[in-house]
Protein chains: 2
Amino acid sequence: MAARKETSTNNRNREVLGDFCGINYALNLLGGRWKLLILRKLESHTLRFSELKRTLPHITDRMLTLQLRELEQDGLISRTVFAEVPPRVEYALTASGQALAPTWQSLEVWGNAHRQAAEMTLTDKQ
Amino acid sequence: MAARKETSTNNRNREVLGDFCGINYALNLLGGRWKLLILRKLESHTLRFSELKRTLPHITDRMLTLQLRELEQDGLISRTVFAEVPPRVEYALTASGQALAPTWQSLEVWGNAHRQAAEMTLTDKQ
DNA sequence: GCCATTACTTCCTTTTTTGTGTGTACCTCA
DNA sequence: TGAGGTACACACAAAAAAGGAAGTAATGGC
């Protein structure tokens with residue numbers, strides 16, 4: 001898990017900034033490498049562990065597990081276990097998770113636009 | 001600086017995800033602890049190094065320098081040096097940086113709402 | 001000459017995040 | 001009997017991010 005050291009300046013800063021403004025509070029929840037990607041995959045439908053894994057390039061079991069756990073603890077996704085063999089576990093967005101959709105969409109739009117702009121200034125310089 | 005290791009899986013994943021979607025491209029630029037905060041401070045006016053430092057609780061010179069450098073390299077802020085003594089350096093948002101304002105505003109709104117929701121479920125459980 | 005100010009830089013340590021490899025319980029189907 | 005699938009857990013290693021402490025150049029004021 002995260003296993004943070006309560007007493008570290010690093011961790012205190014993290015908390016201070018989280019209290020300080022909603023932006024950093026949000027970033028504390030969404031900062032993991034695969035988190036927003038996972039949320040976006042769940043936007044249109046519920047998915048199970050193995051399905052998520054297939055859609056996320058290069059993710060390992062461990063990373064997927066970790067990120068899902070944290071998202072669940074932070075109330076962004078829900079986890080439903082079906083008592084079957086082989087096991088089946090389904091992940092879905094919570095209301096809070098869904099409420100974030102417009103934000104990541106606007107981040108995606110900005111990201112693509114900014115990448116284009118960056119590439120253009122690159123070719124300008126050549 | 002970031003000093004990333006070209007050959008690491010960690011770094012390759014970072015790049016792969018950045019290419020994969022605008023969200024992760026954006027996150028690669030905005031992931032630093034103080035970056036969005038800095039951008040937001042610059043939203044209303046140009047600020048110099050020492051002014052930024054005063055408004056960001058607990059940040060060190062080193063961290064502020066690093067984050068500003070990266071933001072500048074990524075085209076989100078501009079840096080203007082005045083040939084005076086003592087030195088004066090002013091930071092401002094670029095057009096791209098300003099274009100991101102609605103996104104961090106919506107992140108802030110969501111963050112505050114989600115924190116409230118989280119606190120309510122906490123008190124529910126008590 | 002000495003101190004203060006500003007915006008850094010450098011070297012080093014600690015903390016956090018990410019990745020690797022292996023193992024497991026359960027049942028089903030061949 | 002034995003392989004295969006699912007959704008993990010655990011111990012460990014590597015890399016990245018963050019922080020700490022000290023130093024620097026230039027100049028103006030005392």
Side-chain angles (χ1 to χ4, degrees), chain A residues 1-18 24 27-35 37-38 47-54 56-72 77 79-91, chain B residues 1-18 24 27-38 46-54 56-72 77 79-91:
Chain A
M1 323 268 157
R4 298 196 188 96
K5 203 167 182 186
E6 297 291 327
T7 64
S8 70
T9 304
N10 190 325
N11 191 49
R12 273 199 309 274
N13 276 351
R14 176 191 163 91
E15 289 178 357
V16 166
L17 291 186
N24 278 292
L27 237 59
N28 284 346
L29 309 186
L30 304 171
R33 169 157 300 168
W34 311 88
K35 285 188 183 171
L37 218 37
I38 290 172
L47 287 172
R48 44 194 300 201
F49 188 90
S50 54
E51 291 169 329
L52 274 170
K53 193 179 170 188
R54 253 170 267 138
L56 299 172
H58 303 313
I59 197 169
T60 62
D61 280 19
R62 178 182 136 77
M63 271 301 118
L64 184 50
T65 302
L66 277 178
Q67 307 271 292
L68 288 172
R69 284 273 181 284
E70 292 185 11
L71 286 171
E72 190 198 353
I77 62 174
R79 177 170 180 271
T80 313
V81 184
F82 294 85
E84 304 175 359
V85 166
R88 181 159 65 99
V89 181
E90 290 193 347
Y91 294 93
Chain B
M1 324 269 151
R4 298 200 189 92
K5 204 168 181 185
E6 296 292 326
T7 63
S8 69
T9 303
N10 190 326
N11 192 48
R12 272 199 309 272
N13 277 350
R14 175 191 165 92
E15 288 178 358
V16 166
L17 291 185
N24 279 292
L27 239 58
N28 284 346
L29 309 186
L30 304 172
R33 169 157 300 168
W34 311 88
K35 285 189 182 170
L36 277 176
L37 218 38
I38 291 172
T46 288
L47 287 172
R48 48 194 299 202
F49 189 90
S50 54
E51 293 169 327
L52 274 170
K53 195 179 170 187
R54 255 170 265 137
L56 298 172
H58 305 311
I59 196 168
T60 62
D61 280 20
R62 180 184 133 76
M63 270 301 120
L64 183 50
T65 303
L66 278 178
Q67 306 270 295
L68 287 170
R69 284 273 180 284
E70 292 183 11
L71 287 171
E72 190 198 355
I77 62 174
R79 178 171 178 270
T80 314
V81 184
F82 295 84
E84 305 174 1
V85 167
R88 182 159 64 101
V89 182
E90 289 193 346
Y91 293 92

Which residues share a side-chain contact (heavy atoms from CB on, under 4.5 Å) with B/E90, sequence neighbours left out: B/T46, B/R48, B/F82, B/R88
From CG of B/N11 over to P of C/dG19, roughly how many Å is that when rounded to an integer? 10 Å
Assign A/S8 to base, sugar-phosphate, or nothing according to its heavy-atom contacts below 4.0 angstrom with the strands shown. sugar-phosphate
A/L66 CG - D/dA9 P separation (whole Å): 9 Å
In whole angstrom, give the distance that lies between atom CD of B/E51 and atom P of C/dA7. 8 Å
Nearest to the side chain of B/R4, which nucleotide is it out of C/dA7, C/dG19, D/dA17? D/dA17
For A/K53 and D/dC8, what is the distance between atoms NZ and P respectively, to the nearest whole Å? 12 Å
Under the side-chain contact (heavy atoms from CB on, under 4.5 Å) test, residues paired with B/D61 that sit two or more places apart: B/F49, B/K53
Quick check for you: among C/dA7, D/dA18, C/dG19, whose closest atom lies nearest to any side-chain atom of B/N13? C/dG19
At under 4.0 Å between heavy atoms, how does the protein contact nucleotides 20-30 of chain D? Give one character per nucleotide, 5' to 3', with B, S or -. B-----BS---
If you compare every side-chain N and O of B/R33 against the phosphate oxygens of C/dT15 (OP1, OP2), does one of them come in below 4.0 Å? no
Any residue meeting side chain to side chain donor-acceptor pair (under 3.5 Å) with A/R14, in chain and number order, not counting sequence neighbours: none
Under-4.0 Å side-chain N/O to phosphate OP1/OP2 contact, A/W34 with C/dG19: yes
Partner set under side chain to side chain donor-acceptor pair (under 3.5 Å) for B/N28, not counting sequence neighbours: none
All salt bridge (charged side-chain N to carboxylate O under 4.0 Å, His left out) counterparts of B/R79, not counting sequence neighbours: none
Heavy atoms only, 4.0 Å cut-off, all strands: where does B/Q67 land among base, sugar-phosphate and nothing? sugar-phosphate
Mind checking B/Y91 for me? I need base, sugar-phosphate or nothing, with any heavy atom below 4.0 Å counting as a touch. sugar-phosphate
Just how far, in rounded Å, is P of C/dA7 from CD1 of B/I77? 14 Å
How long is the gap from CG on A/N24 to NZ on B/K35, to the nearest 0.5 Å? 13.0 Å
N/O (side chain, A/R69) to phosphate O (OP1/OP2, D/dA7) under 4.0 Å: no
Residue whose nearest DNA chain C nucleotide is more 5′ - A/M63 or A/K5: A/K5
When you measure from the side-chain N and O atoms of B/R88 to the phosphate of C/dT5, is any distance below 4.0 Å, counting only OP1 and OP2? no
Which residue lies toward the 5' end of DNA chain D, B/E6 or B/I59, if each is placed at its nearest nucleotide? B/E6
Hydrogens and angles aside, do B/R33 and A/N10 bring a side-chain donor and acceptor to less than 3.5 Å of each other? yes
B/R14 vs C/dT17: side-chain N/O to OP1/OP2 distance below 4.0 Å: no
CG of B/N24 versus C1' of C/dT18: gap in Å, rounded? 14 Å
Below 4.5 Å, heavy atoms only, C-beta onward: do B/N13 and A/I59 meet side chain to side chain? no
Rounded to whole angstroms, how far apart are CD on B/E15 and P on D/dA15? 15 Å
Does a nitrogen or oxygen in the side chain of A/R48 sit under 4.0 Å from OP1 or OP2 of D/dT6? no
When rounded to whole Å, the CZ to P distance for the pair A/F82 and C/dC27 reads 19 Å
